[in-house]
Amino acid sequence: MRTEEQVFDDLAQVCASPGFMHVISFLTFRDNIVGYKDELKGDDYAKLFSGSRLIRTEMSTLIGLMIKSPRDFAVPAPAEMDRLREKAERLLEELHEILQEPVRADMVNAMAAGTFDPTDNPFKKAEALREPIFYAAESAYSFQYRDFSVAKYARDSGWLKEKKGFVPEEAKAVAVAITSFLNAKLLDTLKGLRGKHPRDWTVLDGFAFTTGEIAKKSGIAKETVDAVVDAFTFQDDGNQTFNSLSDFNAANAFPILKGEGDARIVLLQVSLMEALYDTPFYWLNADKAYRSKASANRGAFTEEITAERLKTVFGADKVFLNVDIWETSAKKTKLGEIDVLALIGDIAILVQAKSKKLTLDARKGNDLQLQTDFKGAVQDACDQAVDCAKHLLAGNVYVANPDGDEIGTASALTKIHPVCVVSDHYPSLTFQAQQFLKVESVKGMERPLVSDVFFIDVLAEFLTTPLRFLSYLELRSIVGDQIGLSHEIVALGYHLKKNLWLGEYDYFLLDDDLSVDIDIAMAARRDGIDGQKIPRGILTDLQGTTVARLISEIEARSEPRTVAVGLELLKLSGASAQQLSRMIDRTVADAKRGIRHRDVTFAIEKDRTGLTVHCNFEPDWIAANSLKQHCERRKYSTKSSKWFGISVSPADGAFRLGLLLDYEWKRNFHMDAQVATLPAPKSIDHLERVMSGEPEQALGRNDPCYCGSGLKYKKCHLRRD
């Protein structure tokens with residue numbers, strides 16, 4: 001195998017070939033442009049998940065190497081175009097094999113030496129992580145970079161206007177105008193190829209514009225367009241820092257290239273949007289007098305954008321920014337600081353935010369630097385979250401907002417979901433967290449979610465109610481490292497299809513294309529693309545069902561005991577929720593026909609728990625006691641660690657009350673006698689069949705009812721039609 005340096009140098013020579021920009025424009029069109037008719041669908045997006053396409057980091061590498069040399073814009077002959085393309089792709093594949101070699105070599109050497117241990121994790125080493133870092137999936141959408149760039153640098157508007165000639169909102173407007181113009185121009189360019197000889201075929205013109213064209217098309221002042229375009233244009237200095245795969249590549253920071261005459265070229269639109277979000281950081285950081293202020297502004301942005309998205313889910317009155325934990329109300333000893341705190345019932349989401357980046361030394365395979373970067377970006381935030389969670393769960397603390405006012409609802413928490421958020425695209429963040437994150441086990445604290453601000457935005461976009469949001473965090477915590485995935489949107493995509501359950505499996509490997517419905521829905525919502533705005537699955541399956549209504553009524557109460565019941569309901573699959581809805585509807589209908597007490601009980605085998613639903617005319621306190629006793633018997637008879645119950649109104653099926661029994665099973669001789677004749681709970685499939693007719697096994701009128709209520713069959717589920 002050749003060295004990485006040898007292959008990189010060969011690739012640089014190919015990229016310096018005359019007319020290579022035409023090759024790159026073709027590759028960009030082939031691998032990064034998606035066309036569709038009428039409505040964007042999964043089949044249209046399939047090309048973006050093909051293993052044969054060049055991903056963005058590979059395209060950026062080609063562009064970065066091309067701009068190291070003066071460019072010749074002559075169109076190569078078709079055969080030469082094919083030769084250059086094939087050679088570039090072959091060299092990129094060779095680079096991929098070289099990056100994978102450290103893991104393979106370590107395994108081979110260990111086996112030869114007789115020291116191979118299958119439990120060893122080769123990805124603990126930075127050199128082995130270079131491959132997943134370079135080939136990491138994008139964690140952010142281009143429109144997120146575009147839109148968040150305004151909020152990220154809003155506090156720096158004065159500096160940007162003075163030094164660069166524009167403010168963040170103007171930069172965004174110009175970038176939007178450029179992409180809109182190029183989208184239309186690329187289509188015209190493709191149509192124009194029909195009348196040309198194949199030797200003249202090139203799509204490069206579809207990526208070119210002038211500032212005058214943008215100003216005229218958008219109505220933005222030309223001086224503003226010029227200022228923005230100049231700021232993000234590569235200045236043809238030879239990209240001197242880009243001498244290896246992990247070096248700084250100016251093509252990412254300055255994605256606008258100079259063309260012939262006064263033309264400018266944007267080969268990757270997503271790079272332009274990311275530059276809006278990322279490049280000003282380096283300008284601000286280079287100003288020593290302004291550096292500390294810029295750093296503080298960046299930290300504030302991360303906290304505020306997270307808080308704003310959580311407010312859309314939990315409500316402004318349930319989300320708190322910059323929370324302090326004090327030992328007592330005297331506020332003499334501060335125990336901890338929380339960046340963002342969201343509350344519902346006795347459950348909290350505790351966010352610690354960081355704005356650290358992955359350095360170039362870490363990308364190059366420096367073990368010490370990789371661990372240092374991860375500690376600063378993730379581990380420190382996680383440790384802070386754990387310390388704060390301990391104090392909150394222990395109670396007897398004074399929790400206050402920045403004004404010193406007490407947040408009383410934070411003093412009696414039983415469950416906390418820590419969330420560690422970074423502000424920038426941190427390559428292979430989920431994978432790195434699975435390798436390096438160390439978390440202390442604390443009773444009442446779930447496993448931390450490690451993500452960036454972009455994923456928090458996506459979560460809040462689709463999981464728009466507190467219970468849905470909390471349910472995902474709970475399921476993601478349970479799954480932990482038992483899933484292999486490139487980024488968190490993939491896990492969410494699977495969850496939105498069928499709930500994030502492993503079932504009988506010990507490990508899931510999730511393909512990237514599980515995110516396609518989210519990709520389309522986000523593009524439809526944020527960019528106005530014609531496409532399905534709600535991913536099909538759990539968000540659509542429950543629409544208009546009784547279970548969905550019950551969940552909404554539970555959320556409106558926000559009571560600790562009822563929130564827990566709502567979370568259990570959300571764990572049901574779409575099919576099970578539909579079945580339960582039909583059974584509750586049938587139970588309520590029976591009650592309206594004069595049957596004094598109706599109930600449904602079924603087991604949820606995959607979670608070793610179960611659900612009991614009561615519907616009766618008793619006063620609330622009697623109904624609550626009856627439900628509790630029934631659930632206790634059921635929980636004990638099945639030796640479950642958890643059981644939950646719901647009581648609904650016989651008038652309209654509205655939620656009355658709920659309970660969750662969550663404690664370890666212990667033998668009790670008194671309970672043994674109570675459940676001696678209690679039949680085993682049935683599956684939800686069995687119960688629905690029975691409720692639509694007679695039980696499979698004939699029962700006498702005075703036999704115990706099959707549902708487990710403890711009543712005689714004639715007083716419970718015996719049909720009286």
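Note that the coordinates shown come from a computational prediction; the quantities given were computed from them, not determined experimentally.
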One pair to check against side chain to side chain contact (heavy atoms under 4.5 Å, CB included): Tyr141 and Asp527. What are the steps and the verdict? CA-CA 11 Å; Tyr141 297 107; Asp527 257 352; over 6 Å; no

Selection residues 292-302 - residue pairs positive for side chain to side chain donor-acceptor pair (under 3.5 Å), sequence neighbours left out: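 Applying side chain to side chain donor-acceptor pair (under 3.5 Å) to every pair that reaches into residues 292-302, excluding sequence neighbours, yields Asp156-Asn297.
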
Only pairs under 3.5 Å count here: list side-chain donor-acceptor contacts from residues 172-181, not counting sequence neighbours, and write none if there are none.
| from | atom 1 | to | atom 2 | distance (Å) |
| --- | --- | --- | --- | --- |
| Lys172 | NZ | Asp147 | OD1 | 3.3 |
| Thr179 | OG1 | Ala175 | O | 3.2 |
| Thr179 | OG1 | Val176 | O | 3.0 |

Hydrogens and angles aside, do Gln384 and Asp339 bring a side-chain donor and acceptor to less than 3.5 Å of each other?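 Judged by distance alone, the side chains do not pair up.
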
Please tell me whether Gln369 and Asp373 have a donor and an acceptor in their side chains that are separated by less than 3.5 angstrom.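 Side-chain D/A pair, Gln369 to Asp373: present.
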
Could you tell me how the ring of [X] sits relative to the ring of [Y]: parallel (under 30°), tilted (30 to 60°) or perpendicular (over 60°)?
X	Y	value
Phe454	Phe148	parallel
Tyr45	Phe49	tilted
Phe166	Phe232	tilted

Can you check salt bridge (charged side-chain N to carboxylate O under 4.0 Å, His left out) on Lys356 and Asp380, steps first, answer last? CA-CA 11 Å; Lys356 303 290 185 181; Asp380 287 350; over 6 Å; no

If the condition is ring-ring contact (aromatic ring centres under 6.0 Å, His included), which residues does Phe436 pass it with, not counting sequence neighbours?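 With neighbours one apart ignored, the set is Phe374.
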
Set of residues satisfying ring-ring contact (aromatic ring centres under 6.0 Å, His included) with respect to Phe431, sequence neighbours excluded: Phe123

CD1-OG1 distance between Ile133 and Thr57, expressed to the nearest 0.5 angstrom: 11.5 Å

Any donor-acceptor pair under 3.5 Å from Gln379 side chain to Lys438 backbone: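 Checking the backbone N and O of Lys438 against the side chain of Gln379, a donor-acceptor pair under 3.5 Å is found.
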
Considering the options His487, Glu488, His425, Gln144, which one meets the side-chain hydrogen bond (donor to acceptor under 3.5 Å, both in side chains) requirement together with Ser139? His425

Using a strict cut-off of less than 4.0 Å between a Lys/Arg side-chain nitrogen and an Asp/Glu carboxylate oxygen, indicate whether Lys331 and Asp324 qualify as a salt bridge.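 So Lys331 does not pair with Asp324 through a salt bridge.
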
Using side chain to side chain contact (heavy atoms under 4.5 Å, CB included), reason through Tyr277 and Ser423 one step at a time and then give a plain yes or no. CA-CA 10 Å; Tyr277 185 85; Ser423 62; 4.3 Å; yes

Name all residues meeting the salt bridge (charged side-chain N to carboxylate O under 4.0 Å, His left out) criterion together with Asp424; count only those two or more places apart in sequence or in a different chain, and write none if there are none.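 Per chain and number, Asp424 pairs via salt bridge (charged side-chain N to carboxylate O under 4.0 Å, His left out) with Lys152, Lys357.
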
Establish, for the pair Lys164 and Trp283, whether the NZ or CZ atom is under 6.0 angstrom from the six-membered ring centre and no further than 45 degrees off its axis. yes

Just to verify, what does Asp481 make a side chain to side chain donor-acceptor pair (under 3.5 Å) with, not counting sequence neighbours?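 For Asp481 the side chain to side chain donor-acceptor pair (under 3.5 Å) partners, ignoring immediate neighbours, are Arg447.
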
Test salt bridge (charged side-chain N to carboxylate O under 4.0 Å, His left out) on Glu474 and Lys571; report intermediate values, then the result. CA-CA 10 Å; Glu474 185 170 312; Lys571 290 181 181 178; 2.8 Å; yes

